[in-house]
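Each remark here refers to the structure printed beneath this line.
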Amino acid sequence: MGKPKDKPAKQAKQYIEIKEEPIEEEGQRAVQPPLEAEHENKVKDEPEEENDDDGGSEAEDEEKSFDELGLDPRLIRALSKKDISISKPTPIQRVAIPLILEGKDVVARAKTGSGKTLAYLLPLLHKLFADSGLKQKNAPSAFILVPSGELCQQVYKEISSLIDLCKVPLKAVPLRSNMPISDMRAALSGPPDILISTPAGVAKCLSTGVLQSTSIADSLEILVLDEADLLLSFGFEEDLKALTALLPRRCQCLLMSATSSDDVDKLKKLILHNPYILTLPEVDGVKDEVIPKNVQQFWISTSDQDKLVHILALLKLELVQKKVLIFTNSIDMSFRLKLFLEKFGIKSAVLNAELPQNSRLHILEEFNAGLFDYLIAGDESEAKEKEVVDKGSNADTKRSKKYPKQKLDSEFGVVRGIDFKNVFTVINYDMPGSAVGYVHRIGRTGRAYNTGVSVSLVSPDEVEILEEVKSLLGNEEDENSDVISPFPLLTKNAVESLRYRAEDTAKSVTRVAVREARAQDLRNEILNSEKLKSHFEANPRDLDLLKHDKSLSQQAPAPHLRKVPDYLIDATTKEASKMVKLARAAMGNNPSRRQGFKRKFKKGGGDPLKSFSAEGGAKGGRKGGMKRGGRSTDGNHKHNKKRKSL
Ligand SMILES: Nc1ncnc2c1ncn2[C@@H]1O[C@H](COP(=O)(O)OP(=O)(O)OP(=O)(O)O)[C@@H](O)[C@H]1O
């Protein structure tokens, strides 16, 4: 088994800023300052190391393999056997893995989709392989705490597949706080080596005696807080405090997060001990590293009422590539959109906190497996934040209050951390309520260095939040550089050509129709949920049992709405649509080809989104690129100062 060959701190200096907290005096981890208390340790920068005296160069570090990080060969083989073979570590993995193997506490903040899960899972498994069977235990050796049930399942699947592929006798179990106590007891009998749960799940085990605090103190070796920025905001503070008091001094703690926040700081102070803090550097003062560079971000200025016709034009005229994940801020709006799109023959599924968990997991699995192309996610947590900003001005937000909060699953988190596979386009039908919410939503595309696009529909009420996002992601030194540009492929003509049909159809999607569809979907999914439970127990790999993008309206779409007549589409839009299709064909379904595609277009300067001008038609190459001050849809031209290169 190899050892890390370079000092980890040195290894990826060029990618990640490493800060090491000063050594505290020896003490019990159990004696922790209260959450509110000021942490006494100050973060200090690592001493400057101008020259790489170990001979390591930036290029060499980029080439570092998993093997050179000192990981167990079984894990490396397992990575190569996964559905999408993983051969080279991502930057955060390159830095975090050796530190974790050395036993350090680590705080890792890295952009969405950058591979944080494997950054902690691989060294965690490596350590458990080595320790396996050494000591009789009464509780799991590792706890992985996540903020939502979906993430719990996702992490569990990832661990289970690695354990299976490595053929080691380790056991991981996922836990839900709403599980019956008898199920919890059965899950923890043994005990398993790894427990994946929300903090509430662990708290329930403790309060019901399923887990003993002395067993945790004796057995726990590693604690991971994944999506740490959410753990406190999802209301797990008390549960975490209770657990902290039980942590043995030797327990290694890891904290993973895509964004930094006061909550992350609180957790760091509460739980970690002399951690290495891995954070992304601001490259040349540019802060947009939070969102991967390979995601092109666009916006469209529109009134609230016109959002339907705009999204129809984007999807029906094929101006965005599939798969498409669409965010709304309420469940009602999700169903309204689904019903509306159905009328035009566009099938979609809705994901929301009201559905039973089995259904939600199955919807995610089907979408990830490519069984349908459009998923509408009701991201109500963002609406709540937005309500404060909006003072309740949004009609759909108001309507959603009819559905009492307790009906929704409080551990549902549709946005953050969920690894939606191969989503090319994220559309914000409603803008999220916060800039951080925006980062997490957009992070569902461009994962693992694939390319992606985001398009936000921005009404006058939402301009403020757009500005917040711009200032969060923008380049302080060059105020004119737009991180989010006006969407260049949708012309005013294209929108107008669909306006009559869209407005006429929108009238038929009444509140009553929405309410009925919502109730119908819930009934279907409750039935499905039971079938799913038993079916998946018997056939864990079968994805084809139930389809979630079924039509909810009674009538089939009218033929004239299903197909947009040729005479309605102007030449510019046809050209734009053709280019998007060509781009899709060039990429195929294989995500790994996307990178190659991007390189290909880069060389020729012909990425359609970069080179197409809605005014002048597609010309390819730099000359044909969107001009300064060029105009996309009405109202956007003023903001079209300069396009960010990717
Ligand atoms: N070294 C790698 N090479 C290629 N793909 C990878 C690598 N590591 C992870 N991935 C893939 O990248 C995707 C995103 O990884 P992951 O979910 O860990 O991101 P994340 O940083 O946790 O994002 P988020 O902050 O949104 O949760 C996953 O599909 C994962 O399988």
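In what follows, residues are counted from 1 in the order of the sequence shown. For ligands, and for the atoms within them, numbers begin at 1 and follow the listed sequence.
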Exercise. Taking the six-membered ring for Trp and the full ring for Phe, Tyr or His, determine whether the centres of Phe327 and Tyr429 are under 6.0 Å apart.
Key: no
Exercise. Measure the distances from the heavy atoms of Ala110 to every atom of ligand 1 and state whether one is below 4.0 angstrom.
Key: no
Quiz item: Relative to the heavy atoms of Thr117, which atoms of ligand 1 are at a distance of less than 4.0 Å?
Solution: 16 (P), 17 (O), 18 (O), 22 (O)
Self-check item: Quiz item: cation-pi between Lys322 and Tyr374, 6.0 Å / 45°
Solution: no
Quiz prompt | Atoms of ligand 1, numbered as shown, that sit under 4.0 Å from any heavy atom of Lys421 | solution = 29 (O)
Quiz prompt | Atoms of ligand 1 close to Ser114 [distance to a heavy atom under 4.0 angstrom, numbered from 1] | solution = 19 (O), 20 (P), 21 (O)
Quiz item: Just heavy atoms, cut-off under 4.0 Å: does Asp419 contact ligand 1 by side chain, backbone, both, or neither?
Solution: side chain
Quiz item: Out of Arg444, Arg94, Met256, His440, whose heavy atom is nearest to atom 26 (O) of ligand 1?
Solution: Arg444
Quiz item: Would you say Gly443 touches ligand 1, if touching means a heavy atom closer than 4.0 Å?
Solution: no
Self-check item: Set of residues satisfying salt bridge (Lys or Arg N to Asp or Glu O under 4.0 Å) with respect to Lys171, sequence neighbours excluded
Solution: none
Self-check item: Least distance between heavy atoms, Leu122 atom then Leu75 atom
Solution: O-CD1, 3.4 Å
Quiz item: Going by the atom numbers of ligand 1, which of them fall below 4.0 Å from some non-hydrogen atom of Glu227?
Solution: 24 (P), 25 (O), 27 (O)
Self-check item: Closest non-hydrogen atom pair, Thr90 against Ser114
Solution: OG1-O, 2.9 Å
Self-check item: Atoms in ligand 1 with a heavy atom of Thr90 nearer than 4.0 Å
Solution: 1 (N), 2 (C), 7 (C)
Self-check item: N or O contact, Ile86 vs ligand 1, cut-off under 3.5 Å
Solution: no
Quiz prompt | Under 3.5 Å side-chain donor-acceptor pair for Asp226 and Tyr120 | solution = yes
Quiz item: Among Glu158, Gln93, Lys88, Lys82, which one has a heavy atom closest to atom 9 (C) of ligand 1?
Solution: Gln93
Practice problem: Answer yes or no: is there an ion pair linking Glu221 with Lys127, defined by an N-O contact shorter than 4.0 Å? | Solution: no
Quiz prompt | Atoms in ligand 1 flagged as close to Leu118, the criterion being non-hydrogen separation under 4.0 Å | solution = 8 (N), 9 (C)
Quiz item: Of the non-hydrogen atoms in Leu325 and Val423, which two are nearest, and what is the gap between them?
Solution: CB-CG1, 3.9 Å
